[in-house]
Amino acid sequence: MSELTNTLRARRTDMGYTQAGLAEKIGVSRKTINTIENNVFTPSTTLALKLAHALETTVEDLFQLKAP
């Protein structure tokens, strides 16, 4: 099975958001942002779209499948 990787932390910091600031913007907890960044939690499609919109990018730029 392929593993999901992400560039959320890099994009978030490039955009000047803290974990708490991004979380507040999209209506989730800071812990949710932290667990996504650390590949502990895979976001739903809706959450991935909210993250991409908030960070002015695409879901495909934030999340990638790591080849087996």
Side-chain angles (χ1 to χ4, degrees):
M1 175 180 266
S2 297
E3 180 183 334
L4 188 67
T5 62
N6 71 74
T7 58
L8 181 58
R9 179 178 287 120
R11 183 69 182 179
R12 173 182 59 76
T13 56
D14 286 349
M15 294 289 293
Y17 286 106
T18 62
Q19 286 182 346
L22 179 57
E24 184 176 332
K25 184 171 179 72
I26 65 167
V28 298
S29 70
R30 184 205 58 80
K31 184 176 180 180
T32 297
I33 301 299
N34 180 272
T35 58
I36 295 169
E37 286 183 355
N38 290 302
N39 296 311
V40 173
F41 173 70
T42 301
S44 67
T45 304
T46 302
L47 182 52
L49 287 165
K50 286 180 179 181
L51 286 164
H53 181 74
L55 295 172
E56 301 174 10
T57 191
T58 64
V59 171
E60 292 84 0
D61 284 342
L62 287 180
F63 300 95
Q64 305 81 37
L65 285 176
K66 185 177 179 181

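As the structure is a computational prediction, the values presented were derived from the model and not from experiment.
Rounded to the nearest 0.5 Å, atoms OG1 (Thr5) and NZ (Lys66) are 7.5 Å apart. Between the CD atom of Gln19 and the CG atom of Leu8 there is a distance of 8.5 Å, given to the nearest 0.5 Å.
Looking at Asn6 and Leu62, their side chains never come closer than 4.5 Å, going by heavy atoms from C-beta outward. At least one side-chain heavy atom of Ile36 sits under 4.5 Å from a side-chain heavy atom of Phe63. Using a 4.5 Å heavy-atom cutoff, the side chains of Leu22 and Met15 are not in contact.
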Going through the checks in order, is the side chain to side chain contact (heavy atoms under 4.5 Å, CB included) test met by Leu4 and Thr42? CA-CA 8 Å; Leu4 188 67; Thr42 301; 3.5 Å; yes

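Both Leu65 and Phe41 belong to a common hydrophobic cluster when Ile, Leu, Val, Met, Phe, Trp and Tyr are linked at side-chain heavy-atom distances under 4.5 angstrom.
The environment of CD in Glu24 is sparse: at most 12 heavy-atom neighbours from other residues, nucleotides or ligands sit within 6.0 Å.
With hydrogens and angles ignored, the 3.5 Å screen pairs a side-chain donor or acceptor of Thr35 with a backbone N or O of Lys31. Looking at Asn38, its side chain does come within 3.5 Å of a backbone N or O of Asn34 through a donor-acceptor pair.
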Can you list, pair by pair, the side-chain donor-acceptor contacts under 3.5 Å of residues 45-57, counting residues two or more places apart and other chains?
unit_1	atom_1	unit_2	atom_2	d
Thr57	OG1	Asp61	OD2	3.3

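Within the structure, the salt bridge (Lys or Arg N to Asp or Glu O under 4.0 Å) test picks out the following pairs touching residues 32-45 (sequence neighbours left out): Arg9-Glu37, Arg12-Glu37.
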